[in-house]
There are 4 protein chains.
Amino acid sequence: MTILDQHPELRERLHELYVHLHQHPELSMQEHETAALIEERMTGLGYEVFRCGGTGVVATLVNGEGPVIGFRADTDGLPLQENTGLPYASTARGTLPDGTDVPVMHACGHDTHITAAVGAATLLAQDRDAWAGTVVFLFQPGEETAAGAEAMVADGLWERAPHPEVIYGQHVWPGLAGTVEMTRGPAMSYSDAWRVTVHGRGGHGSQPENTIDPVVLAAHMIVRIQSLLSREVAAQKAAVITIATIHAGLKENIIPPVAEFTINMRNLDADVRQHLLAGLRRVIQAEAMASDAPEPQIEELYTFPLLVNDEAETGRVVDLLRGVLGEDQVIERPAVMGSEDFGTLPDAIGVPGVYWFFGGMSSEVVESDEPVPTNHSPFFGPVMEPTLSTGTTAAYEVLMSRLRVQ
Amino acid sequence: MTILDQHPELRERLHELYVHLHQHPELSMQEHETAALIEERMTGLGYEVFRCGGTGVVATLVNGEGPVIGFRADTDGLPLQENTGLPYASTARGTLPDGTDVPVMHACGHDTHITAAVGAATLLAQDRDAWAGTVVFLFQPGEETAAGAEAMVADGLWERAPHPEVIYGQHVWPGLAGTVEMTRGPAMSYSDAWRVTVHGRGGHGSQPENTIDPVVLAAHMIVRIQSLLSREVAAQKAAVITIATIHAGLKENIIPPVAEFTINMRNLDADVRQHLLAGLRRVIQAEAMASDAPEPQIEELYTFPLLVNDEAETGRVVDLLRGVLGEDQVIERPAVMGSEDFGTLPDAIGVPGVYWFFGGMSSEVVESDEPVPTNHSPFFGPVMEPTLSTGTTAAYEVLMSRLRVQ
Amino acid sequence: MTILDQHPELRERLHELYVHLHQHPELSMQEHETAALIEERMTGLGYEVFRCGGTGVVATLVNGEGPVIGFRADTDGLPLQENTGLPYASTARGTLPDGTDVPVMHACGHDTHITAAVGAATLLAQDRDAWAGTVVFLFQPGEETAAGAEAMVADGLWERAPHPEVIYGQHVWPGLAGTVEMTRGPAMSYSDAWRVTVHGRGGHGSQPENTIDPVVLAAHMIVRIQSLLSREVAAQKAAVITIATIHAGLKENIIPPVAEFTINMRNLDADVRQHLLAGLRRVIQAEAMASDAPEPQIEELYTFPLLVNDEAETGRVVDLLRGVLGEDQVIERPAVMGSEDFGTLPDAIGVPGVYWFFGGMSSEVVESDEPVPTNHSPFFGPVMEPTLSTGTTAAYEVLMSRLRVQ
Amino acid sequence: MTILDQHPELRERLHELYVHLHQHPELSMQEHETAALIEERMTGLGYEVFRCGGTGVVATLVNGEGPVIGFRADTDGLPLQENTGLPYASTARGTLPDGTDVPVMHACGHDTHITAAVGAATLLAQDRDAWAGTVVFLFQPGEETAAGAEAMVADGLWERAPHPEVIYGQHVWPGLAGTVEMTRGPAMSYSDAWRVTVHGRGGHGSQPENTIDPVVLAAHMIVRIQSLLSREVAAQKAAVITIATIHAGLKENIIPPVAEFTINMRNLDADVRQHLLAGLRRVIQAEAMASDAPEPQIEELYTFPLLVNDEAETGRVVDLLRGVLGEDQVIERPAVMGSEDFGTLPDAIGVPGVYWFFGGMSSEVVESDEPVPTNHSPFFGPVMEPTLSTGTTAAYEVLMSRLRVQ
């Protein structure tokens with residue numbers, strides 16, 4: 001039983017909003033139309049709104065004396081060609097910072113986050129007698145690049161908005177729609193990303209002896225990095241290092257002067273993280289030395305912090321949502337190796353945060369033999385219901401549990 | 001002493017032609033303006049001209065009874081940004097077959113080949129009393145992609161042009177300008193190129209266990225290929241395998257479904273070549289199997305044949321050019337690992353071919369401590385003289401040695 | 001406060017026993033003198049004794065009506081040269097199954113296990129009025145090779161000995177002497193060991209092209225196996241694969257026909273184990289294929305089962321020992337990646353087992369900056385006290401907690 | 001037609017000598033019984049004999065005025081178990097310098113060298129009227145370890161023996177028996193051997209994070225070394241690097257502190273050799289750094305010099321032997337990648353040396369589809385004839401060609 005069962009026409013409007021957002025995804029830190037739409041909606045509901053961190057939107061509703069509570073929804077899409085086959089699939093395009101024209105898709109489901117937040121915000125705005133206090137909605141841009149939360153804080157978020165005593169957030173994922181899952185304590189991993197530029201010396205492919213081959217060197221680096229994980233991290237410590245991109249060379253017979261690859265590393269433990277960051281530098285430098293190559297350049301792209309859910313508050317939210325959604329629908333689970341900059345917002349003012357996942361998949365998809373498409377897949381397409389109702393209900397009920405007038 | 005010392009105003013015109021060609025390089029099989037220019041010049045000299053193989057130009061001058069002799073010059077540029085600092089450096093751009101816009105440069109010096117051929121053709125046309133017979137100039141496109149000679153043959157070259165009893169060709173290179181070098185027997189290597197598409201299964205960078213990582217797989221392939229050379233080829237057999245391009249992935253936290261790299265292999269021995277072609281397939285398939293990945297796709301891009309200089313005719317040319325250019329200026333040398341599709345033209349009609357190199361570097365460059373920029377380098381810029389005079393003289397004298405009226 | 005404080009002369013005799021055992025370690029399944037000594041001691045205490053599984057000793061004391069309770073102590077040493085510098089360091093030698101003469105050392109501390117078991121057995125034998133029931137001491141050989149527990153069961157252990165309702169066991173380790181640590185549920189990992197024989201084709205080192213080099217092949221296998229862990233196991237799943245031995249070749253210029261290495265793999269999850277067992281076979285076969293080598297032989301050396309502590313009984317033991325040894329001295333801890341065949345004994349009759357660790361290091365060692373020598377190190381030398389008193393007390397008190405007459 | 005056709009009973013005695021030598025091989029620098037036997041035989045023939053370099057034997061016959069000519073035969077066996085199935089196969093054993101007991105076999109055929117040298121020495125001794133001058137037979141120990149020639153020179157060889165104006169030597173190999181092959185100029189490669197001790201930090205196999213794994217590190221070194229050859233040596237330059245031995249670890253669950261492997265490298269070019277010696281150090285050190293391991297130890301085991309046959313004298317020998325053995329039986333061939341310390345003997349006094357190969361295989365073996373067993377194979381067993389007659393004849397005729405009284 002979700003709150004939207006009692007508000008069928010709000011549900012309909014949320015579906016329309018969702019479809020619109022889904023068709024108009026924007027790249028990280030370029031969420032201009034999305035921000036404008038959110039501003040318009042939230043203003044229309046009576047919220048006081050300001051822009052923050054470029055395309056971030058902060059919407060506050062002061063409703064008498066009472067606690068200040070925060071809720072964060074992130075808003076950016078991803079550079080992927082949607083392949084869901086949905087009638088409302090995205091055909092949008094965008095421009096990466098390096099000028100490349102790319103397709104854009106809400107492949108991480110942030111459109112459901114915006115929709116659920118607007119849904120909860122609407123319910124709060126419609127029934128102001130039921131609660132007292134202040135609610136602060138933080139529509140955060142640039143989550144995918146770990147840039148948005150920091151940009152909002154740097155842009156004076158907490159000088160301009162009231163300080164909540166707790167901030168909540170949520171994320172759709174490939175669980176069964178209607179369910180919610182969350183973790184006490186460390187819940188989402190550190191995530192560090194680097195760009196490594198491997199310098200060699202180019203030349204003709206027939207004379208490698210006159211070159212320093214950056215392709216073979218990069219291959220040796222990538223292979224050698226695997227041994228870091230297998231030999232230098234204790235078996236029960238979580239760690240993953242992914243090299244998802246590598247680019248070098250234009251012509252099959254010209255050894256290029258440079259190869260470039262990226263590293264993404266995730267951990268749940270500060271010591272393991274520090275050891276591996278140092279280990280990666282060590283391996284990269286040593287392999288360059290083995291090829292008699294110049295020192296490679298390492299550019300730090302971002303660091304997602306460890307997302308730590310407040311243990312007590314998480315316990316309270318679990319109990320609360322079990323009451324609302326049903327005992328079986330709310331699951332406590334181990335940490336995930338995905339990452340989030342959500343924690344940056346509560347951490348900046350030293351207040352607790354709680355962050356949960358809500359499912360987006362139909363039971364047919366979940367129970368099928370096919371692998372379930374995950375976030376960031378071109379096939380990731382949440383079912384609208386009960387996904388949106390569950391997200392809206394979770395947001396609304398958790399907020400109301402702190403604001404409700406008894 | 002070169003033939004152009006007696007023709008100073010021809011030298012001047014050849015310099016102008018060279019500068020023009022240098023500034024207007026075109027990509028392989030797209031040499032439209034170059035072909036038009038050659039047609040115009042050769043027609044102006046009285047040659048009978050036809051197009052062949054798209055942008056190839058065949059120019060024949062029948063001058064009475066006598067032998068038919070061929071001379072080949074290749075015409076294409078390369079997708080590089082010229083960095084020679086020359087006043088006439090190229091700023092041209094072109095479009096690769098995949099649609100990419102790229103800078104273009106005569107980084108392999110084919111502009112000197114055209115110029116020298118036009119120079120020799122001019123001298124022959126100007127003094128028809130001195131010789132008798134037929135000369136066939138083959139301006140061949142697409143040497144860099146091993147496509148041009150085959151395209152000309154496939155387009156009916158030898159049904160349309162008279163069959164020479166021998167065909168000559170030459171190439172500028174980073175030797176001392178004024179010198180000529182050549183090899184009896186096998187002179188330039190086989191060269192095979194493949195594009196390998198490594199299929200994995202994409203997914204989120206935090207969950208490699210749900211993917212088949214094509215980047216790590218490609219790195220293992222590249223590393224494993226090195227052992228093919230080091231363990232499966234006899235120490236005294238020449239072989240080189242270069243992987244000059246690799247491309248995979250767009251985002252640092254999305255493991256891509258596919259990685260793509262190219263292989264370029266060169267040999268001087270048919271057995272070694274066959275062993276390594278099979279070995280490459282074996283390694284690529286086995287490494288895919290080690291990752292439980294689908295079979296990779298291998299696309300054969302081209303095969304350059306072994307260029308074999310006719311031994312007797314090469315000996316004759318060496319002696320001849322020593323007489324013309326000076327004993328020390330003509331050097332016999334071992335085979336080179338560079339490749340050429342020159343051999344395709346004489347091989348198609350079973351006549352001998354002879355191919356030599358002429359130097360393009362000043363003595364300052366050759367004697368300096370700096371590495372000499374080689375063909376395909378953005379810094380490769382031959383000095384105009386004595387490079388062009390030497391190329392023109394060599395072409396002219398070798399042709400005349402067979403055509404001259406005693 | 002340990003039970004031996006009240007029995008100072010027993011403590012003295014146990015110290016003598018320990019020193020003797022430490023000086024006379026024997027290799028797995030060859031514990032002949034050790035078994036004879038145990039038999040003599042236990043018989044002297046009034047236990048009924050029988051041999052089982054070769055060098056295993058089962059000692060039973062029936063003391064009236066009451067529960068049957070089991071306690072297991074393992075007895076074998078390791079092929080290492082002791083380097084502790086202790087006055088009673090081992091100088092013993094033994095013969096491996098392959099005939100190699102090796103030094104032997106109680107580097108895993110099984111001498112403390114025997115001593116503590118004999119200590120507890122003595123206390124039980126001395127004060128039979130305090131308890132009623134039957135106690136079964138299982139002195140198990142060959143723990144290091146996973147052979148001993150199976151050998152005892154195969155030799156009819158449970159047809160010959162009374163069936164305990166629960167079996168306990170303990171292990172010394174490099175924790176602080178005086179402390180005890182244990183884990184509820186899965187407590188010690190699966191451990192599988194293989195010997196891999198890599199077949200190549202030998203020949204002269206100057207002509208690798210006429211050989212299939214098993215050394216380079218084995219190196220590629222070892223490197224490739226690292227990627228199994230880094231790419232095919234989820235970040236939060238425990239797994240470790242160690243290749244601790246490799247042997248190939250006798251002479252630096254003769255490529256040998258064969259290389260041999262061992263694999264040891266540990267996991268806490270049956271699915272991960274199955275995936276990696278299959279993955280190891282896949283990688284080994286694929287790399288052999290990459291070298292065009294014959295299929296390597298894989299010999300399965302042993303499989304240690306997952307050791308799972310009964311959750312309820314473990315909880316009871318934790319509480320009990322906290323009462324005896326002090327609240328801070330008994331620690332609940334996560335699983336360890338070490339392995340044991342202890343579980344084979346209770347599993348064979350479907351009764352619960354509980355297994356704990358007791359510390360063996362002085363506070364100086366534990367607090368020093370130097371790495372603490374661990375089990376299987378030539379430097380591993382437990383301090384006698386409070387190590388032996390703690391082990392004896394833990395064994396005695398846990399047994400008495402089930403046998404004591406109220 | 002060989003010289004032994006005229007001396008059937010000498011042939012018989014040589015066969016007996018050969019069988020005896022074959023059954024009594026001795027390890028390098030331990031050729032005590034072999035040396036004693038040679039001394040006895042040569043003394044019996046009237047040669048003046050002295051020991052040199054431990055187990056080296058120098059036997060001189062002064063026969064009037066005339067040139068001094070040298071002939072060298074090496075005498076040592078190899079640590080292999082003979083597997084030829086010959087009735088006179090070796091069952092001998094020996095002790096390596098490290099104390100290991102090993103089987104010993106004349107797997108390199110030095111027994112044929114001794115036999116042929118004794119045969120030639122006998123013919124010279126028997127017919128002193130036919131020649132004049134001095135012949136010096138150098139029976140050299142320890143060729144396999146590059147120790148013997150140096151040991152003889154260091155032991156004052158050239159202070160004690162007359163200086164020959166040229167020194168000859170020969171080696172049996174898997175060519176057709178009856179044939180001889182040789183190379184003008186550089187004929188046999190440089191050969192360098194190292195022992196590399198890779199230091200890590202040992203520990204339990206379940207906790208690699210507390211160790212520095214020398215096995216994985218050694219595997220990375222071995223893999224990385226392959227890229228040295230494939231990327232840093234020009235395609236037409238001969239080079240081979242073999243790692244024929246690796247040894248680490250005793251127990252599958254104890255990561256050892258150390259791994260040890262050997263390197264054998266061969267080249268025909270001093271610059272390539274220097275580059276690769278430096279490159280090997282670079283790779284070994286860099287890989288240790290990548291593992292955060294201590295600097296590995298590199299022990300230089302030996303260096304075989306480049307064997308360069310005097311060009312003019314080789315030409316003379318070719319012509320001479322063609323006259324004796326038949327035009328087709330004497331083949332000029334490219335250099336081989338095998339190595340020899342033969343050159344050390346003439347180089348020490350600056351005189352020319354000439355060294356050739358004589359075949360040892362029957363035509364059935366050579367023509368069969370099976371790979372021919374090569375030197376250092378346990379299956380290497382030359383047929384006695386015409387192998388021994390050819391070796392004896394070549395030695396005798398070449399010596400006589402300089403000594404014969406016209």
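Only heavy atoms go into these numbers, but all of them, side chains included; no hydrogens, no water, no symmetry mates. The model shown is predicted, which means the values in this text are computed figures rather than measured ones.
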**Report entry** Segment of C/Leu80 engaging chain D (4.5 angstrom heavy-atom cut-off)
**Finding:** side chain

**Report entry** D/Pro371: side-chain contact (heavy atoms from CB on, under 4.5 Å) partners, not counting sequence neighbours
**Finding:** none

Report task. For residues C/Leu280 and C/Ile225, determine if any side-chain heavy atom of one lies less than 4.5 Å from a side-chain heavy atom of the other. Result -> yes

Query raised in the report: Highest number of heavy-atom pairs under 4.5 Å with chain C: which of D/Ile222, D/Val240, D/Ile254?
Result: D/Ile254

Query - Shortest non-hydrogen contact between D/Phe380 and D/Pro373, atoms and distance - result: CD1-O, 3.5 Å

**Report entry** Side chain to side chain, C/Val104 and C/Pro25, heavy atoms closer than 4.5 Å
**Finding:** yes

Between these two chains, chain D and chain C, I want each donor-acceptor atom pair under 3.5 angstrom written on its own line with its distance.
from	atom 1	to	atom 2	distance (Å)
D/Gly205	O	C/Thr242	OG1	2.6
D/Thr242	OG1	C/Gly205	O	2.6
D/Ile246	N	C/Ala248	O	2.9
D/Ile246	O	C/Ala248	N	2.8
D/His247	ND1	C/His247	ND1	3.0
D/His247	NE2	C/Ala248	O	3.2
D/His247	NE2	C/Gly249	O	2.7
D/Ala248	N	C/Ile246	O	2.8
D/Ala248	O	C/Ile246	N	2.9
D/Ala248	O	C/His247	NE2	3.2
D/Gly249	O	C/His247	NE2	2.7
D/Glu252	OE2	C/Tyr302	OH	2.3
D/Tyr302	OH	C/Glu252	OE2	2.3

Report task. For D/Ala218, enumerate each residue passing the side-chain contact (heavy atoms from CB on, under 4.5 Å) test, keeping only those at least two apart in sequence or located in another chain. Result -> D/Val198, D/Ile246, D/Ala259, D/Phe261

Query raised in the report: Can you tell if the side chain of C/Leu276 reaches within under 4.5 Å of the side chain of C/Met265, non-hydrogen atoms only?
Result: yes

Requested in this report: Heavy atoms only, distances under 4.5 angstrom: which of C/Gly202, C/Ala248, C/Pro378, C/Gly338 has the most pairs with chain D? Name it, please.
Outcome: C/Ala248

Query raised in the report: With sequence neighbours excluded, what pairs up with C/Leu250 under the side-chain contact (heavy atoms from CB on, under 4.5 Å) test?
Result: none

Query raised in the report: Which of the residues C/Leu96, C/Leu78, C/Leu301, C/Val223 is involved in the greatest number of heavy-atom pairs with chain D at under 4.5 angstrom?
Result: C/Val223

Query raised in the report: Among C/Gly205, C/Ala244, C/Ala219, C/Pro214, which has the most heavy-atom pairs under 4.5 Å with chain D?
Result: C/Ala244

Query - Spacing of D/Ile241 atom CD1 and D/Leu229 atom CG [to the nearest 0.5 Å] - result: 4.0 Å

